[in-house]
Number of protein chains: 2
Amino acid sequence: MTELEKGPQGRRRGRGARERIISASQQLFRHQGINSTGMDQLCAAAEVSKRTLYQHFTGKDDLIAECLRRFDPDVLPEVFDRADLTPRDRLLAVFEIHAPLCPFIAAAVEIPDPEHPARVLARDYKLAFAARLTDSAREAGAPDPEQLGEQLALLLDGASARSRVLDTETLATAAAIAVVLVDRALTTPTHQNENHFQ
Amino acid sequence: MTELEKGPQGRRRGRGARERIISASQQLFRHQGINSTGMDQLCAAAEVSKRTLYQHFTGKDDLIAECLRRFDPDVLPEVFDRADLTPRDRLLAVFEIHAPLCPFIAAAVEIPDPEHPARVLARDYKLAFAARLTDSAREAGAPDPEQLGEQLALLLDGASARSRVLDTETLATAAAIAVVLVDRALTTPTHQNENHFQ
DNA sequence: CGTTAAGTGCACAGATCGGTTTACTTAGGG
DNA sequence: CCCTAAGTAAACCGATCTGTGCACTTAACG
């Protein structure tokens, strides 16, 4: 991080402005919101001239989109790619990760236009996230994995939004519900369940 | 509504600018967001001069706060005050009410400062809402009404936030979870439950 | 009536917004 | 070592933002 890592395209000459811009943006957007962060302030935080910023991004909208694109592009691999956990434990491990307001929810609320690139990315991410939950649910043997995945996803979004409003962590509440839902789904008296993996 | 109803303080002479301002604000804030709605546009929509607006409100922040204060001040009386429903049915009836993004969540996300009057109001409302759920849960005989109330509140916030991001209604998912949680709570094998009202 | 408070219209302030321009400096690989 | 691409600094643009000042009109009530 102190040294300059290879740029996005590999070859780079200067001092790596692009990376600094993105990480500064992610931080400021997170802490002050998107609309409350001006381009001047952003340049100052990234220690980058305005000229340079606009050589890397066509505008603020582009920058917002890129920030979201860089945020967890593989959708929580540190949970979903853990082979040492059973599918069931993976579903529950998601509820151990404390985080501030989900940036996709933030963008969706801050940006009115539903066709804005950032809003589209937010939608895509949420769908991808639900899909990963669904995959784990299916692996775990849930009779209706799509439903369980969607339910757990809703719990996470609820915890995120509610934490923001209440200014208090509410993930534990969501986790408690998740346990109920997962247990119920994996103990249902319908045909074959009872983890047929492991 | 066509006629001018008595103003907030009872005595009023003019044409009732204040009410028009508030209702126009609620509408615009809802459809465009708070930050994306300018005072000029707001005056135009309310058919009110800017001067008048600033005679009624000290500034935009004040107006935002007043809008939230006017929004559902009695916390869903059309559900919680229905005596014809059992407490259990009241808990579930909440999940029948389709609505766009909760304005309190919107304000909490759009406004960075946690001490902003609007943020405080948002927090208070969410606490009051959870309290009403808790009351019904207690009436219904839930062994841990606070927990159930908080859980159902989280479901609603999840549905609201997620609907915004996905641009799809997700209330049905929340309702499905609610049924599970309520049934579970009211059928738990601990001491006295089994609706001792009705 | 006429008085009085409510509301008007519009220009204007100062700040900040996103974004551009110009002329200049630097870093690094061949 | 030099050439080229990357980055710099600061002025500047028009638009828009919240909020004021001032002279004026209107509505309602006693």
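Bear in mind that the values here come from a model prediction, so they are computed numbers and not experimental data. Both backbone and side-chain heavy atoms feed into the values below; hydrogens, waters and symmetry mates do not.
- At a threshold of 4.0 angstrom between heavy atoms, the contacts of B:Gln41 with the nucleic acid are absent.
- Applying the 4.0 Å criterion to OP1 and OP2 of D:dA9, one finds that A:Ser49 has every side-chain N and O outside that range.
- Atom pair A:Asn35:CG and C:dT16:C1' shows a separation of 14 Å (rounding to whole Å applied).
- For the pair B:Glu47 and A:Met39, nearest-nucleotide mapping onto DNA chain C gives the more 5' position to B:Glu47.
- No hydrogens or angles were tested; on distance alone, nothing pairs the side chain of B:Arg51 with the base of C:dG9 as donor and acceptor under 3.5 Å.
- Counting heavy atoms from C-beta on, the side chains of A:Asp113 and A:Arg119 never come closer than 4.5 Å.
- Between A:Phe129 and the choices A:Leu152, A:Leu156, A:Asp157, the side-chain contact (heavy atoms from CB on, under 4.5 Å) rule is met once, by A:Leu156.
- B:Ser36 comes within contact range of no nucleotide atom at all, as no heavy-atom separation falls under 4.0 Å.
- Contact annotation: the side chain of A:Asp72 approaches that of A:Pro77 to within less than 4.5 Å [non-hydrogen atoms, C-beta and beyond].
- Aromatic ring orientation, A:Tyr125 versus A:Phe104: parallel (interplanar angle below 30°, classes split at 30° and 60°).
- Under 3.5 Å, the side chain of B:Lys50 and the base of C:dG9 form no donor-acceptor pair of N or O atoms.
- Following rounding to the nearest Å, A:Tyr54 (OH) and C:dC17 (P) show an atom-to-atom distance of 11 Å.
- Contacts of B:Thr37 with the nucleic acid, taken as non-hydrogen atoms under 4.0 Å apart, involve only primed sugar atoms and P, OP1 or OP2.
- One atom, CD1 of A:Ile34, and another, C1' of C:dG18, lie 15 Å apart when rounded to the nearest Å.
- When rounded to the nearest whole Å, the span between CZ of A:Arg20 and P of D:dT8 equals 6 Å.
- Listed nucleotides: C:dG18, D:dT8, D:dT18. Nearest to the side chain of A:Val48: D:dT8.
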